[in-house]
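Notes to accompany the following structure.
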Number of protein chains: 2
Amino acid sequence: MAGRAAVPEVIWARPERTGRGPKPAFTRADIAAAAVRIADERGLDAVSMRHVAAELGCGTMSLYSYVPRKEDLYELMIDAVGAEHELFEPTGDWRADMLRNAEETRAIMRRHTWVPRLMAGVHGFGPHTLRYLEHCLACLEPLDVPAGTKTELIALLNGVVTTYTANDIATVERTRSMPWSVEEENAVRMAYLGSQVATGAYPRLAAAFTEQSGPVDLEAVFRRALERVMDAFDPEPR
Amino acid sequence: MAGRAAVPEVIWARPERTGRGPKPAFTRADIAAAAVRIADERGLDAVSMRHVAAELGCGTMSLYSYVPRKEDLYELMIDAVGAEHELFEPTGDWRADMLRNAEETRAIMRRHTWVPRLMAGVHGFGPHTLRYLEHCLACLEPLDVPAGTKTELIALLNGVVTTYTANDIATVERTRSMPWSVEEENAVRMAYLGSQVATGAYPRLAAAFTEQSGPVDLEAVFRRALERVMDAFDPEPR
DNA sequence: GCGCACTACGTACGCTGTACGTAACTAGGA
DNA sequence: TCCTAGTTACGTACAGCGTACGTAGTGCGC
């Protein structure tokens, strides 16, 4: 028996195998992949220990020899999708490189709509996450500011990506278990917003609401936000 | 009987009372307050329909006459803490005003550590949230950019606040149900990070790690990030 | 004053995470 | 070489969850 620890534990610190006993049937990567597959196909709420075990073809409780708590499964999942980052050779143009990284993060989140929801609760730094951070620092090599400032920039960019993409995606993930479509839900919410704004209680909001004609180009807004953040860090602006 | 809707519904669009039948024993505000109280004292995971009902002194299923789904309870909670925003008179200095708004949001999240976790999944715009947005727009009156850009700025600032504060807070909220303290968990995580960095696999990360001597002043980092974002939107910088 | 729309809420179901106990297995020490 | 201690595998069981459904009681509008 594993013996649940009464002391904090980082899953990445515990070795994947310990030698004695029967050969483990799966690797951590197998488990993470199974969980990711379920989350992608059936939504994050379908990621239960039972379902993951079934996907792997083992008993539910067997999972607990690999993953002490469900929260750790979440950490595995986050790190697993982190592996999808392409660690390209830095070009020397840090702004272009970081833009590319951000776009890639956004693409990953679009592929795995549950990522933003998990990011709010998961704090871990798995190997792939660390590799990605290292890659970002490599891209920022040409930028002449202290390392601490670079870390801040990375954090800020990631924050912006998460925030913006999460807003795009939230409805997708939520409506997965609902008997109506994303479009229907959005329509209802917009109708409600319109009705509220029409009461006259929020004049400035109303102005902003009516000023904007036609649909917003979310992609453009997103890119603009990134550019602005990078502007703020650029010692030799534009 | 209420009859669960098979169509999307915004809780704020449904009227609080309908006239016929026995007088409702509570208001939405009562319910939100009870849920917030539980979340503050016992953590977000303790916010179950049963516990909220018990806190109010009614049967579990009675809640469903007020709140069709649990997710709507979350919307009520988010909007309830939104009421804690002080809607001060704009000073004419939009940067100072927005900084104040951001600091206040941060303070609210510190008081209610579960807020960031909920924000990741909740998308609603309750009355207090709308009021706060209107207030932000009022603060941004002196800023000479299109309304759409102002909205982008507000979203970006809120995103930064959420991201930064969530990182501070995540451990607090998580360790609530754990048999160890925040400090213990952080120590373990830092030790793990240090050990990873020491392997030499992440040279740039290692440099950044060792360069920074002494603890980071999170408050300063936070304020700096806000200033930078505002710089990016300021037509007449610094 | 009757009826109906509404609230209140007990019961029940299927699901969750996971504590615990047992059986099978294998690497290291004698 | 065999033994045994440390592991893995996993069935069972339990407390707790969201909520569908049915029933009982209430009070406004006709």
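Convention: sequence-line order gives letters A, B, ...; per-chain numbering from 1. From a predicted model like this one, the values you see are computed outputs, not experimental measurements.
B:L56 has its CG atom 16 Å from the P atom of C:dT7, to the nearest Å. With rounding to whole Å, B:R14 atom CZ is found 11 Å from C:dC6 atom P. Between the CZ atom of B:F26 and the C1' atom of C:dA8 there is a distance of 10 Å, given to the nearest Å. Remark: C1' of C:dA19 and CG of A:L63 are 16 Å apart, rounded to the nearest angstrom. Rounded to whole Å, the distance from CD1 on B:I31 to C1' on C:dA8 is 13 Å.
Residues forming a side chain to side chain donor-acceptor pair (under 3.5 Å) with A:H85 (at least two apart in sequence, or on another chain): A:T105. Residues passing the side chain to side chain donor-acceptor pair (under 3.5 Å) test with B:D79, sequence neighbours excluded: B:H128, B:T129. In terms of the ring pair (Phe, Tyr, Trp, His ring centres under 6.0 Å) criterion, A:H51 has no residue partners (sequence neighbours excluded). Taking the side chain to side chain donor-acceptor pair (under 3.5 Å) definition, one finds that A:E152 meets it with B:R224, B:R228, sequence neighbours left out. Here A:H135 pairs with A:N101 under the side chain to side chain donor-acceptor pair (under 3.5 Å) rule; sequence neighbours left out.
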Show me, pair by pair, the donor-acceptor contacts under 3.5 angstrom made by side chains of residues 23-31 of chain B, not counting sequence neighbours?
| residue | atom | partner | partner atom | Å |
| --- | --- | --- | --- | --- |
| B:T27 | OG1 | B:A29 | N | 3.3 |
| B:T27 | OG1 | B:D30 | N | 3.0 |
| B:T27 | OG1 | B:D30 | OD2 | 3.2 |
| B:R28 | NH2 | B:I11 | O | 3.4 |
| B:R28 | NH2 | B:R14 | O | 2.7 |
| B:D30 | OD2 | B:T27 | N | 2.9 |

N/O donor-acceptor pairs under 3.5 Å from side chains in residues 192-201 of chain B, not counting sequence neighbours:
| residue | atom | partner | partner atom | Å |
| --- | --- | --- | --- | --- |
| B:Y192 | OH | A:F125 | O | 3.1 |
| B:S195 | OG | B:Y192 | O | 2.6 |
| B:T199 | OG1 | B:Q196 | O | 2.5 |
| B:T199 | OG1 | B:A201 | N | 3.3 |

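A heavy-atom distance below 4.5 Å is not found between the side chains of B:D40 and B:R111. Residues B:Y74 and B:L44 meet the side-chain proximity criterion, which asks for heavy atoms closer than 4.5 Å. In this structure, A:L56 and A:L63 have side chains that are in contact, with non-hydrogen atoms separated by less than 4.5 Å.
One finds no side-chain N or O of B:S62 lying less than 4.0 angstrom from the OP1 or OP2 phosphate oxygen of C:dA8. B:S65 has no side-chain polar atom (N or O) that falls below the 4.0 Å cut-off from OP1 or OP2 of C:dT7.
If one axis is set at each end of the helix from C:dG1-D:dC30 to C:dA30-D:dT1 from five pairs, those axes are 0° apart, to 10°.
In this structure, the separation between CG on A:L153 and CG on A:L137 is 10.0 Å, given to the nearest 0.5 Å. Between A:M77 atom CE and A:H112 atom NE2 the span is 9.5 Å, to the nearest 0.5 Å.
Nucleic acid contact for B:A25: sugar-phosphate only, since backbone atoms but no base atoms lie under 4.0 Å from a heavy atom of the residue.
For residues 59-72 of chain B, every residue pair satisfying the salt bridge (charged side-chain N to carboxylate O under 4.0 Å, His left out) rule, not counting sequence neighbours, is listed here: A:R174-B:E71, B:R69-B:D72.
In this structure, B:E134 contributes its side chain and A:R204 its backbone to a donor-acceptor pair below 3.5 Å.
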Letter per nucleotide, 5' to 3', of nucleotides 25-30 of chain D [B base touched, S only sugar-phosphate touched, - untouched; heavy atoms, 4.0 Å]: BBBB--
Kindly give the atom pairs (protein nitrogen or oxygen, nucleotide nitrogen or oxygen) under 3.5 Å for nucleotides 13-18 of chain D.
| residue | atom | partner | partner atom | Å |
| --- | --- | --- | --- | --- |
| D:dC17 | OP1 | B:S48 | OG | 3.0 |
| D:dG18 | OP1 | B:K70 | NZ | 2.6 |
| D:dG18 | OP2 | B:M49 | N | 2.9 |
| D:dG18 | N7 | B:R50 | NH2 | 2.5 |
| D:dG18 | O6 | B:R50 | NH2 | 3.0 |

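In the set D:dA9, D:dT19, D:dC10, D:dA9 carries the atom at the smallest distance from any side-chain atom of A:Y66.
Listed by residue number, the members of residues 32-40 of chain B with any heavy atom below 4.0 angstrom from DNA chain D form an empty set.
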